[in-house]
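Heads up: the structure comes next, in C-alpha cells.
Proteins come first, then strands; the chains are lettered A, B, ... in the order of their sequence lines, and each starts at number 1. These figures come from a predicted structure and were not determined experimentally.
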Amino acid sequence: KAGVTQTPRYLIKTRGQQVTLSCSPISGHRSVSWYQQTPGQGLQFLFEYFSETQRNKGNFPGRFSGRQFSNSRSEMNVSTLELGDSALYLCASSFTGETQYFGPGTRLLVL
Amino acid sequence: KNEVEQSPQNLTAQEGEFITINCSYSVGISALHWLQQHPGGGIVSLFMLSSGKKKHGRLIATINIQEKHSSLHITASHPRDSAVYICAVIRGSQGNLIFGKGTKLSVKP
C-alpha cells in the first residue's frame, strides 16, 4: 500500500497570504489528522476529520481550517499567515483513529 | 506544567547499551503512543498501548495506568536508533493527541 502523501513538501509564503496544504491518506483509511510542529512548541494537534466530518479540534485560531473529501483526501487552509505559522505541518491517517501513519510533512516558511 | 512530560530531554549512549525513555502524564487517557522521528521530519508510530507491555524487535513499551507513566526501552542500541522519541497520549474524553517535547537519542558507535 502506498503511504500517506502530502503536497507540497516545501512552501514559502509572505505574511498576510493564505495557504492550502493537501494530504492523501493510505487507501481505506477514513481518519485524517493534522499536526503542527515548531521548535518552540513541539508537536500540536490541529484537527481530525473522519468520513468528511471534523471529529476533534485542537486549540488553534479560526485562521486554521480544514476539510475532508469523499475520497478521504484532506486539505488544510491557513488564512492571513503570520510569521509564527512557519512550521512543519504533518498529517496522519488511520483506519479508526487509533494507530496513525504519518506523512512526510509540508515545511512552510512565512516571510 | 505540561500535561505530558518526557525524560530525559537528551540522551547519548554507546552502541549496545540498554536505553530507557520515560513519559509521565497528568490527564486521563484512553491510550498512549510512542513515536520515532528521524532527522528530516518523518514520523513513525512505534507503539500504541492502553495497558501492560508491548514488544517489537529490540523495542519494548510499558504503561502503568495507575501511576500515569510509560517507558520505552531499547535493548542492544544501535546508531540507527538515533532519533527523537515522542510520547503522545490520547486524552480520554476528547480524543485529542497531546505530545511530549520529545527525547533526542544519539547512539555512538
(message) Report which part of A:Q44 has an atom under 4.5 Å of a heavy atom belonging to chain B: side chain, backbone, both, or neither.
(response) backbone
(message) Heavy-atom cut-off 4.5 Å, strictly under: side chain, backbone, both or neither for A:Y35 against chain B?
(response)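 For A:Y35, side-chain heavy atoms alone lie under 4.5 Å from chain B.
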(request) Would you mind reporting whether A:E48 and B:L97 have side-chain heavy atoms less than 4.5 Å apart? (result) no
(message) How long is the straight-line distance from CZ of A:F45 back to CZ of B:R91, given to the nearest 0.5 Å?
(response) 10.5 Å
(request) Calculate, to the nearest 0.5 Å, the distance between atoms CD and CD1 belonging to A:Q37 and B:I43 respectively. (result) 5.5 Å
Give a yes or no on whether [X] and [Y] share a hydrophobic cluster (residues Ile, Leu, Val, Met, Phe, Trp, Tyr; joining criterion: side-chain heavy atoms under 4.5 Å apart).
X: A:W34; Y: A:V110; value: yes
X: A:Y49; Y: A:V78; value: yes
X: B:L72; Y: B:L49; value: yes
X: B:I90; Y: B:Y25; value: no
X: B:F99; Y: B:I29; value: no

(message) With a 4.5 angstrom heavy-atom cut-off, is it the side chain or the backbone of B:L35 that approaches chain A, or both, or neither?
(response)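 The answer is the side chain of B:L35.
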(request) Answer yes or no: are there more than 12 heavy-atom neighbours, outside A:R15 itself, under 6.0 Å from its atom CZ? (result) no
(message) Strictly distance-based, threshold 3.5 Å: is any side-chain N or O of B:K101 a donor or acceptor partner for the main-chain N or O of A:L43?
(response)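 No, because the side chain of B:K101 does not come within donor-acceptor range (under 3.5 Å) of the backbone of A:L43.
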